[in-house]
Structure formats: C-alpha cells, structure tokens
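Down below is the structure, laid out as structure tokens.
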Amino acid sequence: MSADARSAARPPSPAVATPLPGALLEVAVRPLSPRTLLCAVSGVVDLFTAPHLRDRLLGQIRSGGPDLVVDLGEVGILSAAGLTVLVETRAAAEASGVGLCVVARTRPVLRALAVTGLDVEFEVVPHVDGVPREGPDQLSARAGVRPGR
C-alpha cells in the first residue's frame, strides 16, 4: 500500500476535525451596572461555536433580570447559527422579562444583522457606552418588554 493510500484511509486528527469552541470563541461576563450584565463575545460565532455561545447567554437569563447586553464588538464572523442564537436569546429574555441590547460595530456583524433584518428587531448600539443606563428597567422598556410579565 502506498503512503498516499494510507494517508487517505486514515481519519483526520480530532484536533483538526473538531475545533474546540473555547479556542475560537470567548465569552466574558461581568456586571455593567447593578441591574445589567455584559456578555463580551470575541472570536468566531459559527456552527461549531454557536452552541457554546447559546449556553453562556441563556445561562445568564433569569426571570426578572438582570438585563443583558451582548457585546459583539470583537466578533469577526457571525454566521446564521450565531444569528439563531441571538434570536433564541431574545425570545428567552422576553419570556423572562429581561431587557436585551446588542453592541455591534464591525462590518461582518452589522452586515449579518442588516441582511436578515435583525438590526431593527434588536436594540443595536455601536459601543457599550451607548447602552441605556437611566434606570433598572430601561433595557426592558426600550425593548418593549414589561418586567415581570
């Protein structure tokens, strides 16, 4: 058997075939204010990493708050799987009476949101400094969510 035939018959290395979400995507969670959590996302949000992002975002949603800000400012790729995670997160937030805001400023993220029409479905701001902080329920009120519903 030639070396080429042996190479073709051998399955690919697990490190190549299955990218680790932690290596391609990072999600850091910290308080932004007493009633708001910031989830700063960096890296690639694609078919392989979207489940990790979904788990992290949905894990932060609790009935009645705190509100959630998803900062996608350091995301280089936002695929359809990533957009689905955002839609699922919004549905869970609305069901729990939690406000949700998305920070987006890079072309790949802004374009994905615009092409799908999600830029008008979410409250999108270009920087974390633009997140409303007037009161504990501002994100919920601006998102059309009534706390405690």
Side-chain angles (χ1 to χ4, degrees), residues 10-149:
R10 191 175 337 149
S13 158
V16 173
T18 311
L20 298 173
L24 299 174
L25 178 77
E26 291 184 26
V27 182
V29 180
R30 68 175 175 84
L32 187 60
S33 72
R35 289 270 306 137
T36 307
L37 284 178
L38 174 69
C39 293
V41 183
S42 61
V44 174
V45 183
D46 62 8
L47 185 62
F48 296 109
T49 61
H52 175 69
L53 180 60
R54 177 185 300 110
D55 292 345
R56 292 296 306 270
L57 294 179
L58 294 180
Q60 298 304 319
I61 296 175
R62 288 163 182 62
S63 184
D67 291 333
L68 191 63
V69 175
V70 180
D71 183 356
L72 302 175
E74 299 297 320
V75 170
I77 296 174
L78 181 63
S79 73
L83 293 168
T84 300
V85 169
L86 291 176
V87 171
E88 291 172 350
T89 301
R90 183 186 64 191
E94 287 177 354
S96 298
V98 173
L100 179 68
C101 181
V102 174
V103 176
R105 62 182 164 274
T106 62
R107 182 181 173 140
V109 173
L110 291 170
R111 186 164 188 185
L113 292 172
V115 166
T116 58
L118 292 175
D119 59 335
V120 295
E121 296 294 322
F122 288 94
E123 179 169 2
V124 179
V125 297
H127 297 285
V128 173
D129 295 341
V131 173
R133 297 186 197 187
E134 296 89 5
D137 299 322
Q138 282 301 310
L139 284 177
S140 298
R142 293 177 114 195
V145 176
R146 290 182 303 255
R149 78 169 191 183

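The residues of the chain are indexed from 1 along the displayed sequence. When reading the values below, keep in mind they use all heavy atoms of this one structure, side chains included, and skip hydrogens, waters and symmetry mates.
- If you take OG1 on T89 and CG on L57, they are separated by 4.5 Å, rounding to the nearest 0.5 Å.
- Scanning both residues, A92 and L58, for their nearest heavy atoms gives CB-CD2, 3.7 Å.
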Quick one: side chains of residues 71-79, donor-acceptor pairs under 3.5 Å with protein atoms, not counting sequence neighbours, listed by atom name and distance.
unit_1: D71; atom_1: OD1; unit_2: G73; atom_2: N; d: 2.8
unit_1: S79; atom_1: OG; unit_2: V45; atom_2: O; d: 3.2
unit_1: S79; atom_1: OG; unit_2: A81; atom_2: N; d: 3.2

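- For the side-chain contact (heavy atoms from CB on, under 4.5 Å) criterion with L25, the lone passing option out of D46, V44, V41 is V41.
- Under the rule for a side-chain hydrogen bond (donor to acceptor under 3.5 Å, both in side chains), D119 has no partner lying at least two apart in sequence or in another chain.
- Between atom CZ of residue F122 and atom CG of residue L113 there is a gap of 7.5 Å, rounded to the nearest 0.5 Å.
- Each salt bridge (Lys or Arg N to Asp or Glu O under 4.0 Å) pair with one or both residues in residues 78-93, not counting sequence neighbours, appears once here: R54-E88, R90-E121.
- Every residue meeting the side-chain contact (heavy atoms from CB on, under 4.5 Å) condition with R107, not counting sequence neighbours, appears here in chain and number order: R111.
- Here the straight-line distance linking atom CG of L32 with atom CG of D67 works out to 10.5 Å at 0.5 Å rounding.
- Taking each heavy atom of A93 and L100 in turn, the nearest pair found is CB-CB, 4.3 Å.
- Nearest approach of G130 to V125, heavy atoms of both residues: O-CG1, 3.7 Å.
- Remark: T84 OG1 to L53 CG distance equals 11.5 Å, nearest 0.5 Å.
- Between atom CG of residue L38 and atom SG of residue C101 there is a gap of 10.0 Å, rounded to the nearest 0.5 Å.
- With sequence neighbours excluded, no residue forms a salt bridge (Lys or Arg N to Asp or Glu O under 4.0 Å) with R56.
- Side-chain atoms of R62 come within 3.5 Å of backbone N or O of G59 as a donor-acceptor pair.
- The two residues P126 and R105 come nearest to each other via the heavy atoms O-NH1, 3.2 Å.
- To the nearest 0.5 angstrom, L68 atom CG is 4.5 Å from C39 atom SG.
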